[in-house]
Q: 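Input: one structure, supplied below.
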Amino acid sequence: MLTFAAQNKDFMTPTVRVRFAPSPTGPLHMGGVRTALYNYLFARQHGGTMILRIEDTDQTRYVPGAEDYIMEALAWCGIHFDESPANGGPHAPYRQSERKALYKQFSDRLIQSGHAYYAFDTPEELEALRKAAEARKETFIYNAATRKTLRNSLNMSAEEVGALIAEGTPFVVRFKIPEHSVVEMDDLIRGRVVVKTETLDDKVLFKSDGMPTYHLANIVDDHLMEITHVIRGEEWLPSLPLHVLLYQAFGWEAPQFAHLPLLLRPDGNGKLSKRDGDRLGFPVFPLAWTDPFTGEKSSGYREAGYYPVAFVNMLALLGWNAGTEQEIFSMDELVKAFSLERVSKSGARFDPAKTRWFNQQYLLKRSEEQLAEELRIVLNNKGIKAADDKLVPICRLMKERVPFVHEIYDEGRFFFEAPQSYDEQVVKKRWKEESATQMLQLAAVLEKVAEFEPVALDALLQQFIADNGLNTGAVMNALRLLLVGTSKGPHLSEIMWIIGREETLKRISAGIAHLSQITQN
RNA sequence: GCUCCCUUCGUCUAGGGGUUAGGACGCCAGGUUUUCAUCCUGGUAACAGGGGUUCGAAUCCCCUAGGGAGUACCA
């Protein structure tokens with residue numbers, strides 16, 4: 001039995017465990033959503049576990065509501081966690097602030113093993129050193145080259161150190177980067193990365209406020225939580241050597257790493273930021289957010305009318321592709337098709353136009369009944385009353401013309417109200433001298449037709465045009481102008497049927513009155 | 001400045017020594033339509049530059065340039 005187990009690959013391969021570890025300092029950026037998504041896809045594909053860990057070790061950056069926002073946003077996207085602050089799990093708590101007591105013992109362990117040391121340099125002293133180095137066009141690095149000249153336990157007797165700490169002198173714990181060596185790392189996306197330790201600095205692991213820094217907490221928790229794969233943004237790549245060294249210092253096996261390419265702004269240079277969204281008119285956050293301190297509002301994809309599946313689909317394709325020509329993927333399909341090997345290395349520019357296209361693809365796939373239900377909500381929010389039985393046909397006629405449900409209303413206002421104005425260009429082109437007379441004649445016929453529904457109306461229109469020897473385009477466009485106010489929109493007989501006989505006749509006479517006034521002047 | 005990462009149409013990308021360098025978005029044109037949109041057809045448009053290696057480089061190597069990230073007692 002033991003032999004079998006040892007030879008069986010499934011037994012040898014630990015279950016995949018990944019985590020998404022945001023800092024609750026504000027709304028979750030769409031880049032963060034993509035990181036969470038890739039983690040989720042990877043976990044699900046391998047039958048593994050997806051963990052949410054809140055990295056709130058910086059007490060000064062706490063933002064009320066941010067953690068709830070993160071969970072709500074990811075739930076909206078269909079990204080669910082097996083272990084999280086909300087669900088609990090075998091490694092609870094999942095909030096680093098609640099794990100505070102844990103980190104000190106690990107920090108102490110590194111001090112005892114000689115991998116870390118106490119440092120008493122004040123922030124001001126360090127700042128001065130950095131400035132001075134900068135003035136010489138050099139970079140100050142707290143490492144083997146400088147640590148011997150600084151105020152730390154490496155240069156003090158045990159008694160001195162003990163006394164300082166006993167006095168309550170603020171201190172930090174720094175990692176002692178090994179001298180003259182090379183760190184070799186294998187990234188699942190980037191391959192081998194090699195760095196000389198001379199370029200690394202003795203990062204602070206434990207802050208003077210008694211909290212660990214990201215670096216320590218992240219390694220300790222990833223180890224304790226048995227994380228097998230760390231999938232995170234490329235901005236972490238520069239600290240990968242430190243993290244690898246930390247695992248070595250603890251004598252722990254490091255997880256595998258995958259650093260994802262960044263999301264770049266649609267124009268110009270740099271990574272996607274909130275400002276770009278404001279400037280170019282698209283959301284950068286999944287959900288709308290109001291900053292609790294400044295009251296500043298940010299728009300969200302949900303509120304903008306995007307389907308979460310469309311948003312997720314778009315995000316999935318920004319930096320990854322299946323290697324086929326398929327572009328529309330359900331979450332299940334993404335789970336099956338995803339692979340870290342096919343994640344690209346270079347940053348991906350976000351494209352708002354293609355994002356709209358994705359939404360349109362999903363809108364097109366929805367049934368008219370579903371769309372009618374969604375439209376009803378939009379109309380309710382706007383306080384617009386509409387006959388329930390007309391919502392389905394309206395959606396049938398409009399679904400191929402808009403990428404968003406709310407645009408069914410925006411682009412189809414004529415279903416709900418008479419034109420407020422008449423498009424000047426169209427009036428000029430379509431409203432002829434004889435139009436008023438023709439429309440009056442047509443109105444008379446419409447008044448009498450038995451069945452006021454599309455098939456009968458089409459027949460009637462054709463008959464009317466034939467009987468009077470008129471031009472189809474001229475009649476239809478003039479009529480459309482009266483009913484819609486412009487030259488756009490679905491089939492006219494459908495519009496007439498939906499708004500009804502009474503409204504149709506009302507719009508014809510009102511339109512004629514208005515237009516003859518205008519054209520006379 | 002220093003360290004690391006990256007570089008195919010405007011954008012997302014396929015391609016991994018021999019391809020008419022493919023697809024999608026966008027844009028343009030034509031067709032369909034009473035209009036607009038959808039849809040269909042077609043078009044526009046790319047291997048950053050320079051050196052190697054090779055019979056042959058978009059593909060491998062080097063340099064340059066450009067872009068990005070990091071450089072905190074933030075994550």
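In what follows, chains are A, B, ... by sequence order, proteins preceding strands, each numbered from 1. Being a predicted model, the structure only gives us computed values, none of them experimental.
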Q: When the P atoms of B/rC47 and B/rC12 are compared, how many Å lie between them, rounded to an integer?
A: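 Per the computed distance, 16 Å lies between those P atoms.
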Q: Applying side-chain contact (heavy atoms from CB on, under 4.5 Å), can you list everything that pairs with A/Gln256, at least two apart in sequence or on another chain?
A: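 Partners of A/Gln256 under the side-chain contact (heavy atoms from CB on, under 4.5 Å) test: A/Leu188, A/His229.
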Q: Does the structure show a Watson-Crick or G-U wobble partner for B/rA69, both distances under 3.5 Å? Name it, or say none.
A: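 WC or wobble partner is B/rU3.
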Q: Under 3.5 Å, is there a donor-acceptor pair between the A/Asp58 and A/Tyr214 side chains?
A: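 Short answer, no.
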Q: Ignoring hydrogens and angles, write down the donor-acceptor pairs under 3.5 Å from the side chains of residues 407-416 of chain A, residues two or more places apart or on other chains.
A:
residue	atom	partner	partner atom	Å
A/Tyr409	OH	A/Arg413	NH2	3.4
A/Asp410	OD2	A/His406	ND1	3.3
A/Arg413	NE	A/Glu417	OE2	3.2
A/Arg413	NH2	A/Glu417	OE2	3.3

Q: Could you check whether A/Tyr62 and A/Glu67, counting side-chain N and O atoms only, form a donor-acceptor pair closer than 3.5 Å?
A: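 Note: A/Glu67 and A/Tyr62 side chains miss the donor-acceptor criterion.
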Q: Listing time: all N or O pairs from protein to nucleotides 5-7 of chain B that are below 3.5 Å?
A:
residue	atom	partner	partner atom	Å
B/rC5	O2'	A/Arg190	NH1	2.6
B/rC5	O2'	A/Glu234	OE2	3.3

Q: Once you apply the 3.5 Å cut-off to both distances, tell me the Watson-Crick or G-U wobble partner of B/rC39, or none.
A: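 Pairing partner: B/rG31.
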Q: Which residues in residues 53-62 of chain A have at least one heavy atom lying under 4.0 Å from any atom of RNA chain B?
A: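 When residues 53-62 of chain A is checked for heavy atoms under 4.0 Å from RNA chain B, the hits, listed by number, are A/Glu55, A/Thr57, A/Asp58, A/Arg61.
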Q: Quick one: is A/Lys207 getting a side-chain N or O under 4.0 Å of the B/rC74 phosphate, OP1 or OP2?
A: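 Result: yes.
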Q: Identify, with sequence neighbours excluded, every residue that meets salt bridge (Lys or Arg N to Asp or Glu O under 4.0 Å) alongside A/Arg53.
A: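 So A/Arg53 forms a salt bridge (Lys or Arg N to Asp or Glu O under 4.0 Å) with A/Glu55, A/Asp221, A/Asp222.
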Q: What integer number of Å spans the P atoms of B/rC60 and B/rG66?
A: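 So the two P atoms sit 23 Å from each other.
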Q: Could you pull out all residues at least two apart from A/Arg147 that satisfy salt bridge (Lys or Arg N to Asp or Glu O under 4.0 Å)?
A: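 For A/Arg147 the salt bridge (Lys or Arg N to Asp or Glu O under 4.0 Å) partners, ignoring immediate neighbours, are A/Asp202.
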Q: For A/Arg349, check side-chain contact (heavy atoms from CB on, under 4.5 Å) against everything at least two apart and list the hits.
A: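 Partners of A/Arg349 by the side-chain contact (heavy atoms from CB on, under 4.5 Å) criterion, ordered by chain and then number, come out as A/Leu264.
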Q: Who passes side-chain contact (heavy atoms from CB on, under 4.5 Å) against A/Val392, sequence neighbours left out?
A: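 Checked A/Val392 against side-chain contact (heavy atoms from CB on, under 4.5 Å); matches are A/Glu368, A/Glu369, A/Ala372.
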Q: OP1 or OP2 of B/rA14 sitting under 4.0 Å from any side-chain N/O of A/Asn321?
A: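 For A/Asn321, the contact criterion (side-chain N or O under 4.0 Å from OP1 or OP2 of B/rA14) is met.
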Q: With sequence neighbours left out, write down each residue that passes ring-ring contact (aromatic ring centres under 6.0 Å, His included) with A/Phe20, or none if nothing qualifies.
A: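 For A/Phe20 there are no ring-ring contact (aromatic ring centres under 6.0 Å, His included) partners, ignoring immediate neighbours.
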Q: Could you list by number each residue of residues 129-140 of chain A showing a heavy-atom separation from RNA chain B of less than 4.0 Å, or answer none if no residue does?
A: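 Contacts with RNA chain B under 4.0 Å: A/Arg130, A/Lys137, A/Thr139.
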Q: Report the relative orientation of the aromatic rings in A/His259 and A/Phe257; use parallel for angles under 30°, tilted for 30 to 60°, perpendicular for over 60°.
A: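 Rings of A/His259 and A/Phe257: parallel, as their planes differ by under 30°.
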Q: Look at the side chain of A/His491 against the base of B/rU34 and say whether a donor-acceptor pair falls under 3.5 Å; ignore hydrogens and angles.
A: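 Donor-acceptor pair under 3.5 Å: yes.
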Q: Work out how far the P atom of B/rC2 is from that of B/rU64, and round it to whole angstrom.
A: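 B/rC2 and B/rU64 have their P atoms separated by 12 Å.
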Q: Can you confirm whether the side chains of A/Arg19 and A/Asn39 place a donor and an acceptor under 3.5 Å from each other?
A: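 No pair is found: no donor N or O on one side chain lies under 3.5 Å from an acceptor on the other.
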Q: Just name whichever nucleotide pairs with B/rC25, Watson-Crick or G-U, keeping both distances under 3.5 Å, else none.
A: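 With both distances under 3.5 Å, B/rC25 matches B/rG10.
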Q: Tell me, please, which residues at least two apart from A/Asp276 pass side-chain hydrogen bond (donor to acceptor under 3.5 Å, both in side chains).
A: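 For A/Asp276 the side-chain hydrogen bond (donor to acceptor under 3.5 Å, both in side chains) partners, ignoring immediate neighbours, are A/Arg265, A/Ser273, A/Arg279.
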Q: Whether the side chain of A/Ser239 engages the backbone of A/Leu242 through a donor-acceptor N/O pair (distance < 3.5 Å, no angle test) should be reported.
A: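 No, the answer is negative, given that no donor and acceptor are paired below the 3.5 Å cut-off.
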Q: When you measure from the side-chain N and O atoms of A/Lys271 to the phosphate of B/rG70, is any distance below 4.0 Å, counting only OP1 and OP2?
A: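 Yes.
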Q: Rounded to whole angstrom, note down the P distance from B/rA48 over to B/rC9.
A: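 Their P atoms lie roughly 7 Å apart.
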Q: Return the pairing partner of B/rA45 with a 3.5 Å limit on both distances, Watson-Crick or G-U wobble; otherwise return none.
A: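 B/rA45 is paired with nothing.
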Q: For each nucleotide in nucleotides 39-46 of chain B, reading 5' to 3', give B when a protein heavy atom comes within less than 4.0 Å of its base, S when such contact involves only the sugar-phosphate, and - otherwise.
A: --------
